[in-house]
Amino acid sequence: MTVYFIGAGPGAADLITVRGARTLAACRVCLYAGSLVPRELLAECPPDAKLVDTAQLNLDEITAELVRAHEEGHDVARLHSGDPSVFSAVAEQMRRLDAAGVPYEVVPGVPAFAAAAASLKRELTVPAVGQTVILTRVAQRATAMPEGEDLATLGRSGALIVLHLAARYVDRVAGELLPHYGADCPAAVVAYASRPDEVIIRGTLDTIAGQVKEAGVVRTAVIMVGRTLGAREFRDSHLYSPERERHAC
């Protein structure tokens, strides 16, 4: 049988993809991160499905659940928040399943940064302003950043930077990016993107840390810093330009 790593989306239950919902409905076993995945999504599971909250399980215990379900002849839904391709801890689970000879597939989901951009009503790539988006995080005691991926280095690009898992360190983020982006650079924080309790904070690198602290945001948030967040005067893209040569299909 197969393990399906399913992106549950950023928070709102109706932002799971159609494929994700259909796959979830077909699996007799579902492992989900109880602290991050909306409970409403579990209604998509079969009525008699085995539901396992992995919030208190370690990697060995999660792997054992996946392998056991496979050996018992069940397809398994491994429900992750956001999209499995970034900051999901899916890679080590895949490695364990490869070693155990258990087949798996990945069903993509809506990532948190996309939901945050939607809440801000911003396109992150704007012609002649910014065409690059960097997805990153900050170094923490448990997980260091690889050489060359510190904020000071990434900030030299001037590209829009999106930080996950960094709300607690917003002071450090602002301080390290300030020399490269300037105090007036637009910055935003979106917590619980797409959920009813969503919090949207708009400011600049000079003000965002204080605003975040005042709002009490410490987790489940995305930080964005870059000029495209405030772009108003920019040329239209070539995509829909009347000067672009078009050929009938």
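All values below come from the heavy atoms of this structure, side chains included, with hydrogens, waters and symmetry mates left out.
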Are [X] and [Y] joined in one hydrophobic group, where the rule is that I, L, V, M, F, W and Y side chains link up if heavy atoms are under 4.5 Å apart?
| X | Y | value |
| --- | --- | --- |
| Ile6 | Leu15 | no |
| Ile200 | Leu229 | yes |
| Leu160 | Val126 | no |

Are [X] and [Y] close enough that some pair of their side-chain heavy atoms sits under 4.5 Å apart?
| X | Y | answer |
| --- | --- | --- |
| Leu163 | Leu151 | yes |
| Leu154 | His180 | no |
| Val189 | Ile208 | yes |

Donor-acceptor contact present, side-chain [X] to main-chain [Y], <3.5 Å:
| X | Y | answer |
| --- | --- | --- |
| His74 | Ala69 | no |
| Tyr181 | Ala159 | yes |
| Arg202 | Ala187 | no |
| Thr228 | Leu124 | yes |
| Thr204 | Ala183 | yes |
| Glu176 | Gly155 | no |

Are side-chain N/O atoms of [X] and [Y] paired as donor and acceptor at under 3.5 Å?
| X | Y | answer |
| --- | --- | --- |
| Tyr32 | Arg78 | no |
| Asp83 | Ser85 | yes |
| Glu149 | Thr136 | no |
| Asp60 | Thr63 | no |

### Salt-bridge contact Glu72-Lys50 (side-chain N to carboxylate O under 4.0 Å)
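Answer for the salt bridge query: no.
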Nearest-0.5 Å distance that lies between atom [atom1] in [X] and atom [atom2] in [Y]:
| X | Y | atom1 | atom2 | value |
| --- | --- | --- | --- | --- |
| Asp75 | Tyr4 | CG | OH | 4.5 Å |
| Met145 | Thr153 | CE | OG1 | 10.0 Å |
| Ile201 | Lys213 | CD1 | NZ | 12.5 Å |
| Thr54 | Glu65 | OG1 | CD | 10.0 Å |
| Cys45 | Arg28 | SG | CZ | 11.0 Å |
| Ser157 | Ile134 | OG | CD1 | 3.5 Å |

### Query
Where does the angle between the aromatic ring planes of His164 and Phe113 fall among parallel (under 30°), tilted (30 to 60°) and perpendicular (over 60°)?
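Answer is perpendicular, since the angle exceeds 60°.
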### Query
Heavy-atom count around Asp236 CG within 6.0 Å, excluding the residue itself: above 12?
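No, the 6.0 Å shell around CG holds no more than 12 heavy atoms from other groups.
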### Message
More than 12 heavy atoms of other residues, nucleotides or ligands under 6.0 Å from CZ of Arg22: yes or no?
### Response
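No.
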### Task
Please write out which residues are connected to Val52 in a hydrophobic cluster, directly or through intermediates, given that two of Ile, Leu, Val, Met, Phe, Trp, Tyr count as joined at side-chain heavy-atom separations below 4.5 angstrom.
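Members alongside Val52: Val3, Phe5, Val29, Leu31, Leu57, Ile62, Leu66, Val67, Val76, Val90, Met94, Leu97, Val102, Tyr104, Val106.
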### Task
Apply the test salt bridge (charged side-chain N to carboxylate O under 4.0 Å, His left out) to residues Asp184 and Arg227: give CA-CA distance (whole Å), side-chain angles for both, the deciding distance (0.1 Å), then the verdict.
CA-CA 9 Å; Asp184 65 340; Arg227 295 290 171 184; 2.9 Å; yes
### Query
Looking only at heavy atoms, what is the nearest atom pair of Pro10 and Ser194, with distance?
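Reported closest heavy-atom pair: CG-OG, 3.6 Å.
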